[in-house]
Asker: 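Quick one: this structure, given as structure tokens, is what I'll be asking you about.
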Number of protein chains: 2
Amino acid sequence: MAPTEGLHAARARGRNTRQLVHELLRSRIISLELAPGASLSENDLAAELGVSRTPVRESLILLGEEGLVDVYPQLGTFVARIRERDIAAAQFIREALECAALRDAVGRATRRDVADLRELLAAQADTERRDDPEGFFRLDEEFHARLMAAGGHPEAWPVVSQAKAQLDRARRLSLPLTQQLSLLIGQHTAVVDQLEQGDLDRADEALRSHLRLVFTDVQTIRAEHPELFAEPEAPVRPRREPRRRVDRAGAGEG
Amino acid sequence: MAPTEGLHAARARGRNTRQLVHELLRSRIISLELAPGASLSENDLAAELGVSRTPVRESLILLGEEGLVDVYPQLGTFVARIRERDIAAAQFIREALECAALRDAVGRATRRDVADLRELLAAQADTERRDDPEGFFRLDEEFHARLMAAGGHPEAWPVVSQAKAQLDRARRLSLPLTQQLSLLIGQHTAVVDQLEQGDLDRADEALRSHLRLVFTDVQTIRAEHPELFAEPEAPVRPRREPRRRVDRAGAGEG
DNA sequence: ACTACAACACTTGTATGGTAGCCGACCAGC
DNA sequence: GCTGGTCGGCTACCATACAAGTGTTGTAGT
């Protein structure tokens, strides 16, 4: 595969290299293709992607602002380990914003909005039948985004999305484990039902318990994959990759 | 004045050039020292600050993510005009997060928390007596930050702060106009009072109306300073500075 | 065997050079 | 006078070179 082709091809569509690299790395981090703690060298990434250090570096700075990577000057850049604090903060932000938007959506959402949401629910049910969790993730994202748009606050979605990224990293582990797609879809449906009926408090409660379920899921994951999480009170001083000994004789790694 | 000295002196305190430039520009934009619509050239800024283009550029990218500047490739970077959408979104985000944090603070805040808040209120009253709106701004910032900390969500403050930045730009105009410092302080006090008494709904209401007042203030400003705002539906295609005609006769400088 | 030390490889941070693209100004032609 | 084309200067974007700092690691000394 030649990833540079994909990059340069997309550049024609009005997005610059920095944005492309940013999105690429972001998706790799959220999907855990890049595991927490992994080292991200500007040089290596630039070489791998066939671009210069500049856009890579700028992407890493942005990811650092999002809390997805930790940059230690003169030491290295690492995929951020999942921190209890960050998870809790993300959960708080998400819950506050999504529920507030939903409350605004009650009595404001049009029939068209509701119809669109129900269409998404049907599509989500499809992904369950096809056993396509990846597809569900995309539709889940869209569902929550549209819910906020129905409340008249589409601009706030990026903020939620950023918080969500922290949760999603751990969630990727939980979903295939629990296989709770039908449960999640049921909760989505409940939210839309209450929204349609105009019951403000019940809608809020439905969405809140849904978000909380995802949150508690993350907590259970922690016991199973402690290596992905940061120690509670041990500020991780990451280790540099031990240098591979350039030993001609036995270095035949293929 | 030699701003470069301040920069390089502060560099010793563990902050790199990018962060310093970022903070500097951010404060200048929020204080309206850099007016909406103003052009920000990487070259000019680098020359003015005595650093290279790299940290300046990286700062501008970050400011772009915050919505404080608009970057038009191959055209220029401009201080973002105040957009109705951005203001509304910022208000929504701020209200949702601060009120949610306050609700958590009720029944959780310690006596120490309340005492600290009251100390801030006293200091705010001082700034009113001394007619020091700049000082009030700082204390206001700290008050709201501590309120969120009292709710157990200090990590969410940066998100609020970023949203607040959009509002503050317009607020800078409104405050000296209205001279409502005492009113604002009174509202702050009401929030703390309800928090201390443990009345959840009244605390929420007190904070919400406080935040709304600030918001409506911004709206009144719009009529007086339309040039700082963007047209509702006209995506501003910013103009480049007209070139000064190089007229030999009258331009004998140097 | 163990420790102190010094060179090294590698990191991010900063500075600078070159490129594609856009806009305003200028000018020929109508 | 007005319009279309061209030119020049400016922009952000990307690439590259240099600087400053850190942990590892091999080594000499004890």
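Here is the naming used below: chain letters follow the sequence lines, and residue numbers restart at 1 for every chain.
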Asker: In whole angstrom, give the distance that lies between atom CZ of A:R15 and atom C1' of D:dC13.
Answerer: 17 Å
Asker: Return the minimal non-hydrogen interatomic distance between B:L60 and B:V69, and the atom names on each side.
Answerer: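 So the two residues come closest at O-CG2, 3.6 Å.
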Asker: What are the two closest heavy atoms between A:M148 and A:A101, and how far apart are they?
Answerer: CE-CB, 3.7 Å
Asker: Expressed as a whole number of angstroms, how long is the span from A:E42:CD to D:dT16:P?
Answerer: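 In whole Å, D:dT16 P and A:E42 CD are 15 Å from each other.
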Asker: Please report, rounded to the nearest Å, how far the C1' atom of C:dT12 is from the CG atom of A:L63.
Answerer: 15 Å
Asker: Less than 4.0 angstrom between a side-chain N/O of A:T77 and OP1 or OP2 of C:dT11, yes or no?
Answerer: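 For C:dT11, neither OP1 nor OP2 has a side-chain N or O of A:T77 closer than 4.0 Å.
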Asker: With sequence neighbours left out, write down each residue that passes side-chain hydrogen bond (donor to acceptor under 3.5 Å, both in side chains) with A:E66, or none if nothing qualifies.
Answerer: A:H22, A:R26
Asker: Any ion pair linking A:R28 and A:E48 (charged N to carboxylate O, less than 4.0 Å)?
Answerer: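 Result for this pair is yes, salt bridge flagged.
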Asker: If you draw a 6.0 Å radius around CD in B:E119, do more than 12 non-hydrogen atoms from other residues or ligands fall strictly inside?
Answerer: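 Counting neighbours around CD of B:E119, 12 or fewer heavy atoms of other residues, nucleotides or ligands fall under 6.0 Å, so no.
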Asker: Without decimals, in angstroms, what is the distance between B:E58 CD and D:dC13 P?
Answerer: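 Whole-Å distance recorded here is 12 Å.
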Asker: Quick check on C:dT14: is either OP1 or OP2 less than 4.0 Å from any side-chain nitrogen or oxygen of B:T17?
Answerer: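 Affirmative; the distance criterion is met.
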Asker: Using modelled atom types and a 3.5 Å cut-off, is there a donor and acceptor pairing between side-chain atoms of B:E42 and backbone atoms of B:V56?
Answerer: no
Asker: Looking only at the side chain of B:P55 (C-beta and beyond, no hydrogens), which of the listed nucleotides C:dT11, C:dT14, C:dG13 gets closest?
Answerer: C:dT14
Asker: What does A:I61 touch in the nucleic acid at a heavy-atom separation under 4.0 angstrom: a base, only the sugar-phosphate, or nothing?
Answerer: nothing
Asker: Grab the N/O contacts between the protein and nucleotides 18-21 of chain D below 3.5 Å, and write none if there aren't any.
Answerer:
none

Asker: Send over the distance from A:N16 CG to D:dA12 C1', rounded to a whole Å.
Answerer: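 Distance check: A:N16 CG to D:dA12 C1' gives 10 Å.
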Asker: Sub-3.5 Å donor-acceptor pair from the side chain of B:Q19 to the main-chain atoms of B:N16, do we have one?
Answerer: yes
Asker: Hey, could you give me the CG/CZ distance between B:D132 and B:F137, rounded to the nearest 0.5 Å?
Answerer: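 Result: 11.0 Å between the selected atoms.
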Asker: For the side chain of A:T54 and the base of D:dA15, is some donor closer than 3.5 Å to an acceptor across the two?
Answerer: yes
Asker: Can you tell me the distance, in whole Å, between the OH atom of B:Y72 and the P atom of D:dA12?
Answerer: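 Going from B:Y72 (OH) to D:dA12 (P), I get 13 Å.
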Asker: For DNA chain D, report each stem as range with range, ordered by first number, or say none. Use Watson-Crick or G-U wobble pairs under 3.5 Å, at least 3 in a row.
Answerer: C:1-30 with D:1-30
Asker: If you compare every side-chain N and O of A:R57 against the phosphate oxygens of C:dT12 (OP1, OP2), does one of them come in below 4.0 Å?
Answerer: no
Asker: Are the side chain of B:S59 and the backbone of B:R18 linked by a donor-acceptor contact shorter than 3.5 Å?
Answerer: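 Yes; at least one donor-acceptor contact below 3.5 Å.
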Asker: A:R18 CZ to D:dA15 C1': how many Å, rounded?
Answerer: 15 Å
Asker: In whole angstrom, give the distance that lies between atom CZ of A:F78 and atom P of C:dC10.
Answerer: 14 Å
